[in-house]
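Below: one structure, written as structure tokens.
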Amino acid sequence: MNNDLLNGFKPHPEEIELHYKQQGIWDNQPIWELIARNAQDLPDRCAVRDLSHQLTYAELLKEADLIAAGLLAKGFNTGERVVFQWSNQVSFATTLLGIFRAGLVPVMSLPAHRQNEICHFAQLSGASVYITSGVEGDASRLSMIKQIAEQAKTLRGIYSADDMDPFDPLPKGEDDFTPPSTDPDAPALFLVSGGTTGLPKLIPRSHNDYRYNIACAASACELQSNEAYLAVLPAAHNFPLGCPGILGTLAMGGQVVFTRDASPDQCFELIERFGVTATALVPALAQVWTAATAWEAMDLSSLHLLQVGGSKLAKSDAQAVMAAFPDALQQVFGMAEGLVCYTHLGDTDETIVTTQGRPMSPLDELRVVDDFGQDVVAGQEGELLTRGPYTLRGYYRAEIHNRRAFTPDGFYRSGDRVRIQPDGNIVVTGRIKDVVNRGGETFACDEIEEHLLAHPNILQAAVLPMPDTALGERVGAAIVCNGKVPTLQTLRSFLIERGLATFKLPEHLHVRSSLPMTPVGKIDKKKILEIEGESRTNIAY
Ligand code: OOB
């Protein structure tokens with residue numbers, strides 16, 4: 001074991017780890033065992049496919065072991081970090097499994113990350129290798145990879161899927177590979193935080209905690225062995241990777257269908273062709289798919305689990321998704337840091353459209369606190385703090401930040417504003433910092449966004465604090481429309497009719513053809529604020 005891996009990793013307290021192990025909550029197996037056991041038991045079953053390839057479980061493991069042997073033959077050692085950046089295709093699974101089997105630890109970057117983020121991941125994790133699916137028709141990626149090679153000083157190797165001169169293709173070793181032994185309490189992978197301030201942080205997920213995460217998710221979603229999961233969101237993101245997603249499906253013996261094209265045209269065809277039963281989307285994508293059901297004639301009846309999460313799904317959008325995909329909608333509120341909540345397929349329609357569900361493990365501990373860190377009265381709004389068997393105790397190598405991000409007794413301060421209903425379901429009401437302070441009156445942007453999205457011609461909405469000399473901040477709204485664009489005046493009348501307080505009415509309206517998105521497809525408010533800031537003088541509100 002390369003002990004440098006544990007340097008900057010904060011595990012759960014020893015007595016708690018022991019308790020989890022004694023109770024069988026943590027099962028002390030390496031993460032790759034979830035798939036390797038199916039290669040043994042169900043060797044000829046289809047495990048992964050995309051439009052050009054398909055592999056059985058036996059073939060998936062064999063291909064992964066050639067990669068693992070190749071990497072070890074290059075001199076990399078157990079515990080060394082690999083910045084892994086791969087698009088949604090069959091080789092995502094073979095390469096990731098190969099990295100796991102070699103005992104290397106992937107840093108799960110997303111295809112949209114550029115050299116700034118990749119170099120940051122390499123440096124922070126001390127990675128020795130960067131492995132990428134390559135240029136993929138985008139010539140600018142080659143110069144990006146060259147810059148990474150120059151700037152990321154810790155890297156001893158860069159490998160890509162295809163021949164990408166001057167970089168080597170992924171090395172392949174000999175048959176007959178035996179994986180090195182694994183410490184199941186050590187990080188198995190690093191997820192990257194989805195936060196909107198600064199560069200992403202690294203989230204260590206141990207074999208034990210991530211296996212428990214996958215098991216709870218599969219059980220909460222009632223995943224079956226004949227599941228066909230469509231990986232649409234970037235596969236390295238926690239939601240499609242392990243909630244229950246790709247790894248949950250493979251652990252169950254189901255098949256994963258990868259697609260790099262998230263459009264309904266492409267995805268509906270895949271759903272019909274491969275009998276896709278489950279998938280996960282962010283709200284913006286769920287909206288596009290929902291609209292497309294009106295004209296696409298494909299048979300989507302196999303799809304019985306449509307997970308939507310990652311950012312708030314407005315009630316009006318949830319109702320539309322539910323009507324378009326009957327009995328399939330599940331809201332998911334989760335975070336790479338750990339805690340995942342689900343609505344359940346048997347819940348009432350009201351619960352499914354108005355809440356973000358409940359924690360997937362009975363061992364998840366939740367607190368809702370006010371600005372002073374005191375627990376609020378049950379049912380009141382406040383910041384969500386959480387702790388549990390699959391929630392991190394500290395970001396990797398981020399000691400100073402960790403002092404603010406965690407309570408002394410190990411609760412993670414999520415930064416999410418929530419209230420918990422008497423039935424245990426959580427309603428997310430925004431980020432604690434996502435507010436407008438208008439002349440001392442502070443209110444959440446989320447409530448106004450919900451009302452805006454109820455307007456028949458508004459597809460997307462982001463409410464933002466606009467700097468103002470008199471009041472400090474005023475309410476700004478950036479919207480994307482479909483059909484007739486409302487004016488600021490008609491919009492204000494619409495919101496007044498819906499009962500919104502007058503001081504919360506937008507005072508600036510910015511109509512856009514699209515809103516900037518984060519690498520996984522959430523509306524990126526930080527970017528909007530930057531753009532608004534730069535172009536303020538040119539915009540007529
Ligand atoms: C998921 O993970 P991340 O790490 O990209 O983002 C986490 C943050 C949460 O703290 C929350 O602010 C927001 O994204 N979020 C939601 C939400 N789901 C996530 N906000 C409102 N409503 C929801 N349903 O996004 C993620 C990880 C695992 C499963 C699902 C999503």
Side-chain angles (χ1 to χ4, degrees), residues 108-110 112-113 190-197 200-203 205 210 213-214 216-218 220-221 231-248 278-286 305-315 317-318 321 329-343 351-361 364 366 383-386 390-392 395 405 412-419 425-434 444-447 449-450 453 462 517-526:
M108 307 298 290
S109 66
L110 306 179
H113 285 133
F190 289 95
L191 297 173
V192 304
S193 72
T196 47
T197 46
K201 292 173 198 65
L202 295 183
I203 297 163
R205 303 296 303 256
Y210 213 52
N213 183 114
I214 293 163
C216 289
C221 299
V232 184
L233 295 178
H237 187 271
N238 189 31
F239 189 12
L241 183 68
C243 297
I246 297 163
L247 294 175
T279 193
L281 304 177
V282 288
L285 206 47
L305 180 67
L306 178 60
Q307 302 182 297
V308 182
S311 57
K312 184 72 180 276
L313 180 64
K315 181 178 178 184
D317 289 335
V321 176
L329 175 62
Q330 177 188 59
Q331 288 215 44
V332 187
F333 164 52
M335 51 197 75
E337 286 80 359
L339 180 71
V340 180
C341 301
Y342 294 109
T343 60
T351 296
I352 295 172
V353 299
T354 59
T355 83
Q356 282 64 58
R358 46 201 179 274
M360 65 177 178
S361 162
D364 285 316
L366 271 59
E383 183 185 5
L384 173 69
L385 311 187
T386 184
Y390 64 98
T391 294
L392 86 175
Y395 290 102
Y412 166 60
R413 300 183 205 272
S414 72
D416 290 320
R417 194 184 326 95
V418 305
R419 68 186 150 75
N425 286 300
I426 297 175
V427 177
V428 183
T429 56
R431 298 281 301 163
I432 48 167
K433 290 194 182 134
D434 190 15
C445 297
D446 177 86
E447 180 195 356
E449 286 161 6
E450 279 268 345
L453 288 168
M517 296 283 173
T518 68
V520 76
K522 308 182 191 191
I523 293 172
D524 189 342
K525 281 204 179 174
K526 195 178 120 214

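Throughout, numbering of the chain's residues begins at 1 and tracks the sequence. All of these numbers come straight from a predicted model, not from anything done at the bench. Counting convention: from 1, in listed order, for ligands and their atoms alike.
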Distance-minimising heavy-atom pair for [X] and [Y]:
X: Leu453; Y: Asp317; value: CD1-OD2, 4.1 Å
X: Pro234; Y: Pro519; value: CG-O, 3.7 Å
X: Glu450; Y: Leu313; value: OE2-O, 4.1 Å
X: Met108; Y: Ala236; value: CB-O, 3.6 Å

[X] neighbourhood, listing ligand 1 atoms whose heavy-atom distance to it stays under 4.0 Å:
X: Lys522; answer: 1 (C), 3 (P), 5 (O), 6 (O), 7 (C), 8 (C), 14 (O), 25 (O)
X: Gln356; answer: 22 (N), 24 (N)
X: Arg431; answer: 10 (O), 12 (O)
X: Ala336; answer: 2 (O), 3 (P), 4 (O)

Ile432 vs Asp416 side-chain heavy atoms within contact, under 4.5 Å: no

Arg431 side chain to Ser414 backbone, donor-acceptor under 3.5 Å: yes

Side chain Gln307, main chain Cys243, donor-acceptor under 3.5 Å: yes

Heteroatom proximity flag, Val332 to ligand 1, N/O under 3.5 Å: yes

N or O pair under 3.5 Å between Gly310 and ligand 1: yes

My understanding is that we take every heavy atom of each candidate and find the minimum distance to [atom]. Doing that for [options], which one comes out nearest?
atom: atom 12 (O) of ligand 1; options: Val520, Val428, Asp416; value: Asp416
atom: atom 19 (C) of ligand 1; options: Gly309, Gly521, Cys341, Gly334; value: Gly334
atom: atom 21 (C) of ligand 1; options: His237, Gln307, Lys312; value: Lys312

Ligand 1 contact by Ser311, heavy-atom criterion under 4.0 angstrom: yes

